[in-house]
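Each remark here refers to the structure printed beneath this line.
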Amino acid sequence: MTFWKAKTKNECTGEIRFTPSHEYAEYVMQRIIAATLLLDKMQAVLMTMFIDQTATLNRGHFPGLMLVCMGIASRLYKIAHGWATDLQKCYEYIQAWHTNFPFVIPEHEREKLRKAYGFEMTCHPDTCNNARRESMHSWSGHSEVPGILSPLLETMVKTSLAEAAKSASADASLLDDDIGEVIARPLE
């Protein structure tokens, strides 16, 4: 609606009559970063919840309730992960555009605002990822958690391939015996 300088959705028709300011785009990107940080924390809590529910289910306590809770946690995790990914893409799009938007506030006023708020409001291409890593490190002690910043599938594949290689080298003698039996079996 800011492109049309309108108050309702119905007024957002025709040619664009207004270009957002550089500062407004940075404000929006800061809000995107904040929402992404909340979604990252939510994913971590849901992951912990799922693990705890699995432990309770393995003990045999409240199996019906645990399965329902695990299903809810996994669905919410998937939704939160999708939203965080979409917000990251939105940040990247706006970041690429906002450099072309005009400044509205003079430089000396921007310096006053930076000092008043106590942090740099300028959004660089890596600001969102850096903020996510710093936030994750503050509450988990790690700069990446599988499934949140690093893709879970890639982490699982790397782990499973390494484990498969270790177990294959340990069981090499069993594999030789099995192959011999399969080759000697008559074809039907």
Side-chain angles (χ1 to χ4, degrees), residues 1-3 19-58 66-105 107-163:
M1 293 194 317
T2 58
F3 287 107
T19 303
S21 68
H22 191 88
E23 294 85 3
Y24 183 74
E26 287 185 344
Y27 172 80
V28 169
M29 288 188 289
Q30 291 291 340
R31 302 291 74 80
I32 288 173
I33 291 171
T36 307
L37 296 180
L38 286 173
L39 289 169
D40 286 345
K41 181 65 175 174
M42 182 178 170
Q43 290 177 71
V45 168
L46 289 168
M47 213 181 297
T48 304
M49 179 184 163
F50 187 86
I51 291 168
D52 292 343
Q53 301 298 330
T54 304
T56 306
L57 182 65
N58 287 339
M66 293 306 110
L67 289 173
V68 169
C69 290
M70 289 168 64
I72 291 170
S74 65
R75 177 57 66 182
L76 287 174
Y77 174 87
K78 185 173 181 172
I79 291 169
H81 186 73
W83 285 349
T85 303
D86 290 346
L87 283 173
Q88 178 73 32
K89 288 178 185 175
C90 184
Y91 175 88
E92 291 166 2
Y93 290 138
I94 294 173
Q95 203 288 324
W97 291 346
H98 97 287
T99 56
N100 298 323
F101 292 161
F103 286 99
V104 175
I105 301 173
E107 180 62 36
H108 67 280
E109 291 291 325
R110 285 191 300 243
E111 283 300 320
K112 288 181 186 176
L113 288 173
R114 284 186 195 116
K115 289 177 184 174
Y117 289 116
F119 67 94
E120 181 66 35
M121 294 188 305
T122 305
C123 296
H124 302 288
D126 58 346
T127 302
C128 187
N129 280 332
N130 290 342
R132 291 177 78 184
R133 280 192 177 84
E134 287 173 16
S135 173
M136 201 172 299
H137 185 69
S138 71
W139 49 260
S140 73
H142 305 288
S143 60
E144 287 191 3
V145 175
I148 297 178
L149 271 183
S150 63
L152 183 60
L153 185 59
E154 289 178 15
T155 306
M156 290 172 56
V157 168
K158 288 178 185 175
T159 305
S160 63
L161 287 176
E163 289 174 3

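FYI, side chains are in, hydrogens and waters are out, and symmetry mates aren't considered; it's all heavy atoms of this structure.
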Between Ser135 (side chain only) and Ala131 (backbone N and O only), is there a donor and an acceptor less than 3.5 Å apart? no
Say whether, by atom type as modelled, one donor and one acceptor occur between the side chain of Gln95 and the main chain of Cys123 under 3.5 angstrom. yes
Rounded distance [0.5 Å steps], [atom1] in [X] versus [atom2] in [Y]:
X: Tyr91; Y: His98; atom1: OH; atom2: NE2; answer: 7.5 Å
X: Ile79; Y: Leu39; atom1: CD1; atom2: CG; answer: 11.0 Å
X: Thr36; Y: Arg132; atom1: OG1; atom2: CZ; answer: 6.0 Å
X: Lys41; Y: Trp139; atom1: NZ; atom2: CH2; answer: 5.5 Å
X: Ile32; Y: Leu37; atom1: CD1; atom2: CG; answer: 12.0 Å
X: Glu26; Y: Glu23; atom1: CD; atom2: CD; answer: 7.0 Å

Are the side chains of Met49 and Cys69 in contact, using a 4.5 Å heavy-atom criterion? yes
Within the structure provided, determine whether Met70 and Val68 are in side-chain contact (heavy-atom separation under 4.5 Å). no
Are Arg31 and Tyr27 in a cation-pi contact, defined as NZ or CZ under 6.0 Å from the six-membered ring centre and within 45° of the axis? yes
Please lay out, stage by stage, how His124 and Thr122 fare under the test side chain to side chain contact (heavy atoms under 4.5 Å, CB included). CA-CA 6 Å; His124 302 288; Thr122 305; 3.8 Å; yes
Under the criterion side chain to side chain contact (heavy atoms under 4.5 Å, CB included), I'd like the reasoning laid out for Phe50 against Thr54: C-alpha separation, chi angles, the key distance, then a yes or no. CA-CA 6 Å; Phe50 187 86; Thr54 304; 3.7 Å; yes
Tell me the closest heavy-atom pair linking Val104 and Ser21, and the distance in Å. CG2-CB, 3.1 Å
To check you understand the geometry: which heavy-atom pair defines the closest contact between Ala84 and Asp40, and what is its length? CB-OD1, 4.2 Å
Who passes salt bridge (charged side-chain N to carboxylate O under 4.0 Å, His left out) against Glu92, sequence neighbours left out? none
Across all chains, not counting sequence neighbours, the side chain to side chain contact (heavy atoms under 4.5 Å, CB included) partners of Leu38 are none
